J.: 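I'd like to ask some things about the structure below.
For ligands, and for the atoms within them, numbers begin at 1 and follow the listed sequence. The structure presented is a predicted model; accordingly, all values stated were derived computationally and were not measured.
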Amino acid sequence: MSSTSSAEPKCLVRGSINIDEFFHLPHIVRPGETISSTSLTKRAGGKGANQAFAVARAGRQVVLDGCVGSDGVWVKEMLEKGGVDVGRVQVLEDELTGRAIIQSAADGENSIVLHAGANYHLPSSSSTHSLPPNLDGITHLLLQNEIPLSSTLSYLTSAGSSGSVTSVFNPSPMLTPDQLRHFPWKDLSWLIVNEGELGDLLLAFSSPSASSSQCSSAEDGNVPNSDEKDVVGALDENSSTLIEDAKKGILALHRNSFFSPYVGVICTLGSKGILYFDPILESESISASASASPNGTEQVGYLPAGKLVNPLKDTTGAGDCFAGYFIAGLMERQEAGTGDLESILKTCLTACAICVENQGAMESVPSRSSVNERLA
Ligand code: ADP
Ligand code: NA
């Protein structure tokens, strides 16, 4: 990675843009039933849009690459107003903007219908020689999984082969086990998962079919040992040993031959905070002291969630707030040429604390100055 760069870091988010429609109901509609909603709230959403918005709120340059229908022009305008460069947001005349129809029941239950709409449009899908994505001037790439995987992969592999673009992937919604096993992990810099997603990854990498689908590495550890099986089974929210199990899970992932040992991993744990593993820090500390820890779990860092100063209101979008603030922190560090991971992560956790104290996904993401105030 070049350290002499003069230009300000610039992030590209290639991802989804949605309109979220919340129907507030006494209960979730039963088959055959018709009920009236007490209110209808319409909000901009989609993980790509949410995360791009968060990067901008964190005070960093961000370009969003995605598609809406003509019914979504207001979303594009809202993003632009929020500081997102929407020059690469295409408005498709004969597509609908991605939609989430959310039934929100009085007892707190949710039920969601998704329509991918314009998010599933592929920019040059009609051409047999589609051009590789344009990453000119881009230093950081942020990806999720609400668009065609082929598009996500073409951006990631371009970033990987450039050798100079830092990439962050938040695999939500989760990929299939087969997609996970064939994912180009070597091109990725950072993976952000929650505890459920970490469990899914481990399961995909340790399933019986895993060792046969990657024959070259059959001998080096794809058959799960009993320890690894325990980890997969124990990753549920109610586990009192969630943090310890997730720590083991991250190390098992790091060592798995389907994965790349160079990928940094962050696991968000809701109200319990985060775990993080930085392979670069790891290699530095190993070379600095010959005595590596006998039991690998110490290598995974833990930080508690930011303290709430107001009542918990809405955790929607907390994960997206985290991802946006995280890549913004990496950008800041690159520009400054100095800075430690832990302070980047503490800023993210503080941003998330403010996010969950407020309603909404995008609307609740705090500005960098509010985060700084809370950190002070
Ligand atoms: P996701 O929505 O992707 O599952 P999480 O629920 O793990 O993401 O939330 C991301 C971050 O937001 C957490 O690491 C934490 O810092 C913060 N957060 C989420 N829920 C809460 C909560 N109930 N109280 C405090 N912080 C929270
Ligand atoms: Na929120």
J.: What protein heavy atom is closest to atom 26 (N) of ligand 1, reported as residue, atom name and distance in Å?
T.: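 The closest heavy atom on the protein side is Ala305 CB, 3.8 Å.
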J.: Is Arg60 salt-bridged to Glu335, going by a charged N under 4.0 Å from an acidic O?
T.: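 Result for this pair is yes, salt bridge flagged.
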J.: Please list, in number order, the atoms of ligand 1 under 4.0 Å from a heavy atom of Leu269.
T.: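 Listed by number with element: 7 (O).
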J.: I need the contact type for Thr315 against ligand 1. Using non-hydrogen atoms and a strict under-4.0 Å cut-off, is it side chain, backbone, both or neither?
T.: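 For Thr315, the contact with ligand 1 is made by the side chain alone.
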J.: In terms of atom number and element, which parts of ligand 1 are under 4.0 angstrom from non-hydrogen atoms of Ile274?
T.: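 Near Ile274, meaning under 4.0 Å from one of its heavy atoms, ligand 1 has 14 (O).
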J.: With a cut-off of 4.0 Å, which atoms of ligand 1 are near a heavy atom of Leu312?
T.: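 Near Leu312, the atoms of ligand 1 are 22 (C), 23 (N).
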J.: Distance alone, cut at 3.5 Å: any donor-acceptor contact between the side chains of Thr41 and His24?
T.: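 Thr41 vs His24: donor-acceptor pair found between side chains.
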J.: Kindly confirm or rule out an N or O of Gly270 lying under 3.5 angstrom from an N or O of ligand 1.
T.: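 Yes; the residue has a nitrogen or oxygen that sits under 3.5 Å from a nitrogen or oxygen of the ligand.
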J.: Under 4.0 Å from a heavy atom of Leu349: give me the atoms of ligand 1 that qualify, with their elements.
T.: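 Every atom of ligand 1 under 4.0 Å from some heavy atom of Leu349: 16 (O).
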J.: Out of Cys267, Gly317, Gly319, who gets a non-hydrogen atom closest to atom 2 (O) of ligand 1?
T.: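 Result: the heavy atom closest to atom 2 (O) of ligand 1 is in Gly319.
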J.: Any ion pair linking Arg99 and Asp71 (charged N to carboxylate O, less than 4.0 Å)?
T.: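 Looking at Arg99 together with Asp71, the answer is yes, because their closest N to O distance falls below 4.0 Å.
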J.: On the six-membered ring of Phe22, is Arg43 placed so that its NZ or CZ lies under 6.0 angstrom from the centre and within 45° of the ring axis?
T.: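 Yes, Arg43 sits over the ring of Phe22.
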J.: N/O of Gly273 under 3.5 Å from N/O of ligand 1, yes or no?
T.: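 Such a contact does occur with ligand 1.
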J.: Which one holds for Cys352 and ligand 1: side chain close, backbone close, both close, or neither close, with close meaning a heavy atom under 4.0 Å?
T.: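 Looking at Cys352 and ligand 1, just side chain atoms fall under 4.0 Å.
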J.: Checking Asp85 against Gln61: is there a side-chain donor and acceptor pair closer than 3.5 Å?
T.: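 No, no side-chain donor-acceptor pair sits under 3.5 Å.
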J.: Kindly state whether the ring of Phe259 and the ring of His254 have centres lying under 6.0 angstrom apart.
T.: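 No; His254 has its ring centre 6.0 Å or more from that of Phe259.
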J.: Strictly under 6.0 Å, is that where the ring centroids of Phe258 and Phe183 end up?
T.: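 Centroid separation for Phe258 and Phe183: 6.0 Å or greater.
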